[in-house]
There are 2 protein chains.
Amino acid sequence: MSKVDRRIAKSQEAIKNAVTELMSEKNIDDITIQDIADRANVNRGTIYLHYTDKYDLLDKMIEEHINNLRVLCRSASEMTFQEGNYVWFEYFERHYVFFSTMLASKGAPSFRSRFLDLVIEEFKAEVDVTKGKNVGFHEDVILQFFGSAIVGAVEWWFKNGMPLPARVMAEQTGALLDRNLE
Amino acid sequence: MSKVDRRIAKSQEAIKNAVTELMSEKNIDDITIQDIADRANVNRGTIYLHYTDKYDLLDKMIEEHINNLRVLCRSASEMTFQEGNYVWFEYFERHYVFFSTMLASKGAPSFRSRFLDLVIEEFKAEVDVTKGKNVGFHEDVILQFFGSAIVGAVEWWFKNGMPLPARVMAEQTGALLDRNLE
DNA sequence: ATTGATTTGTTGAATAGTCAACAAATTGCG
DNA sequence: CGCAATTTGTTGACTATTCAACAAATCAAT
């Protein structure tokens with residue numbers, strides 16, 4: 001919580017927003033540092049002050065989103081799957097541009113698996129899958145199975161331009177998880 | 001023209017936007033410098049770096065808008081009144097929050113007269129009102145008459161929440177001016 | 001009027017951002 | 001391929017912004 005200098009916060013915010021915008025327009029490899037600087041209204045040198053290169057910047061952005069989701073998870077640990085999922089889907093909605101380009105085929109190929117890892121990690125922490133209706137199953141099978149399921153649903157949601165409200169997505173995926181994991 | 005340090009431009013832009021936002025929410029006298037700094041996401045000291053106080057800041061904003069309108073006028077000097085007015089009304093529309101709070105009774109009482117002065121000044125520069133259908137009239141009477149007319153129309157437009165598109169306002173006021181001044 | 005709280009305007013030191021210039025690396029095209 | 005143009009990453013000097021601290025001014029209510 002140590003107070004970050006306001007200038008740093010503003011510059012990084014502008015830079016990250018610029019990247020997400022640009023990524024919805026063209027492939028990451030076709031984006032130059034100068035493009036980012038222009039869009040962010042920041043001197044090119046400022047970017048090097050915080051990131052070693054384009055990919056480091058993207059990595060840090062991914063890292064940050066993953067971490068925000070992790071925090072959301074912790075704060076929602078006492079909720080049902082339906083409520084908890086809604087918190088996630090709200091976050092997705094708020095960062096639509098980022099997630100939809102990230103999950104689109106050529107955003108950052110690594111993102112999908114980072115995302116899946118997080119989902120599974122959180123399932124593992126929140127649910128004891130070896131009790132109840134899932135006795136006898138191998139834990140990793142269960143986790144991989146339902147982790148992939150939820151990630152796939154999210155992917156579908158973005159690729160089809162969020163055809164359902166976040167609330168509905170949360171309720172339906174939540175219900176499916178409840179039915180299988182609680 | 002590109003010699004203003006980027007940081008100065010960004011800070012001033014943020015500060016001015018913050019003020020227009022805040023002015024649409026409460027009276028200028030109820031706005032503290034800290035309010036502005038918070039909204040602009042800028043240190044309080046930064047404001048004093050550019051403006052001596054709240055009212056100086058507001059003055060400079062007014063000055064700038066008046067001047068922008070003046071420049072627009074020059075660049076539109078070869079147009080008909082209808083075309084030229086459209087340029088103005090587009091500018092009004094783009095800065096809706098500012099103009100509507102400025103022309104609202106409690107905005108800045110001085111603004112209306114500054115605005116009227118500009119309109120008259122530009123009429124004087126663009127139109128020879130003593131020729132044609134206006135021979136025999138006193139120039140200042142004509143200028144004051146039609147200056148007030150256009151300012152009043154703009155005022156009405158803002159106070160009623162821009163009930164007509166800028167294009168229509170420009171066409172109608174433009175036609176009325178053409179009929180009387182050309 | 002006397003309090004206590006908020007806002008103001010100013011200071012000085014620390015630092016983030018700017019800008020221009022540079023060489024090295026990469027791209028792209030005939 | 002080879003060459004020109006662009007992009008990259010780095011540097012150093014300069015300056016705008018930040019932040020915390022301060023006393024003075026203003027406000028609000030008893």
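In what follows, chains are A, B, ... by sequence order, proteins preceding strands, each numbered from 1.
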Problem - Salt bridge flag under 4.0 Å for residues B:K26 and B:D35 - result: yes
Practice task
Return no unless some side-chain N or O of A:H50 is found under 4.0 Å from OP1 or OP2 of C:dA16.
Solution key: no
Handout entry: Between C:dG12 (P) and B:N43 (CG): distance, integer Å
Key = 17 Å
Practice task
Assign A:R6 to base, sugar-phosphate, or nothing according to its heavy-atom contacts below 4.0 angstrom with the strands shown.
Solution key: sugar-phosphate
Handout entry: Side-chain ion pair, B:E21 and B:K16, N-O less than 4.0 Å
Key = no
Between the protein and nucleotides 23-29 of chain D, are there any N/O to N/O pairs under 3.5 Å, and if so, what are the atom names and distances?
none

Practice task
Compute the centroid of each ring, for B:F89 and then for B:Y86, and state whether the two points are separated by less than 6.0 Å.
Solution key: no
Exercise for the section: Nearest whole angstrom, please: distance from the C1' of D:dC19 to the CD1 of B:I47. Expected result: 15 Å
Practice task
Can you tell me the distance, in whole Å, between the CG atom of B:L49 and the P atom of C:dG12?
Solution key: 14 Å
Exercise for the section: Compute the bend angle of the helix from C:dA1-D:dT30 to C:dG30-D:dC1 from the end axes (five pairs per end), rounded to 10°. Expected result: 60°
Handout entry: Any donor-acceptor N/O pair under 3.5 Å between D:dT18 base and A:R7 side chain
Key = no
Exercise for the section: Give a yes or no on whether a salt bridge exists between B:E13 and B:R6, defined as a side-chain N under 4.0 angstrom from a carboxylate O. Expected result: no
Problem - Salt-bridge contact B:K124-B:E139 (side-chain N to carboxylate O under 4.0 Å) - result: no
Exercise for the section: Return the value, rounded to whole Å, for the distance between atom CG of A:N27 and atom C1' of C:dT27. Expected result: 16 Å
Practice task
Look at the side chain of A:K10 and decide which nucleotide, out of D:dT17, C:dG17, D:dT18, has an atom nearest to it.
Solution key: D:dT18
Handout entry: Exercise: identify the closest heavy-atom pair between A:N134 and A:N180
Key = ND2-O, 2.8 Å
Problem - Polar contact flag, side-chain donor to acceptor under 3.5 angstrom, A:N43-A:Y48 - result: no
Practice task
Answer with yes or no after comparing the ring centroid distance for A:H65 and A:F111 against a 6.0 Å cut-off, counting only values under it.
Solution key: no
Could you go through nucleotides 4-11 of chain D and list every protein N or O atom that sits under 3.5 Å from one of its N or O atoms, giving the distance for each pair?
| from | atom 1 | to | atom 2 | distance (Å) |
| --- | --- | --- | --- | --- |
| D:dT8 | OP1 | A:I33 | N | 3.4 |
| D:dT8 | OP2 | A:I33 | N | 3.1 |
| D:dG9 | OP2 | A:Y48 | OH | 3.1 |
| D:dG9 | N7 | A:R44 | NH1 | 2.9 |
| D:dG9 | O6 | A:R44 | NH2 | 3.1 |

Handout entry: Salt-bridge present (B:K60, B:D56; N to O < 4.0 Å)
Key = yes
Practice task
If the plane angle is over 60° it's perpendicular, under 30° parallel, otherwise tilted; pick one for B:F158 and B:Y96.
Solution key: tilted
Problem - Atom-to-atom span, CG of B:N41 to C1' of C:dG17 - whole angstrom - result: 15 Å
Problem - Carboxylate-amine/guanidinium contact A:E121 A:R70, below 4.0 Å - result: yes
Exercise for the section: May I ask you to say what A:D5 touches in the nucleic acid, namely base, sugar-phosphate or nothing, with a heavy-atom cut-off under 4.0 Å? Expected result: sugar-phosphate
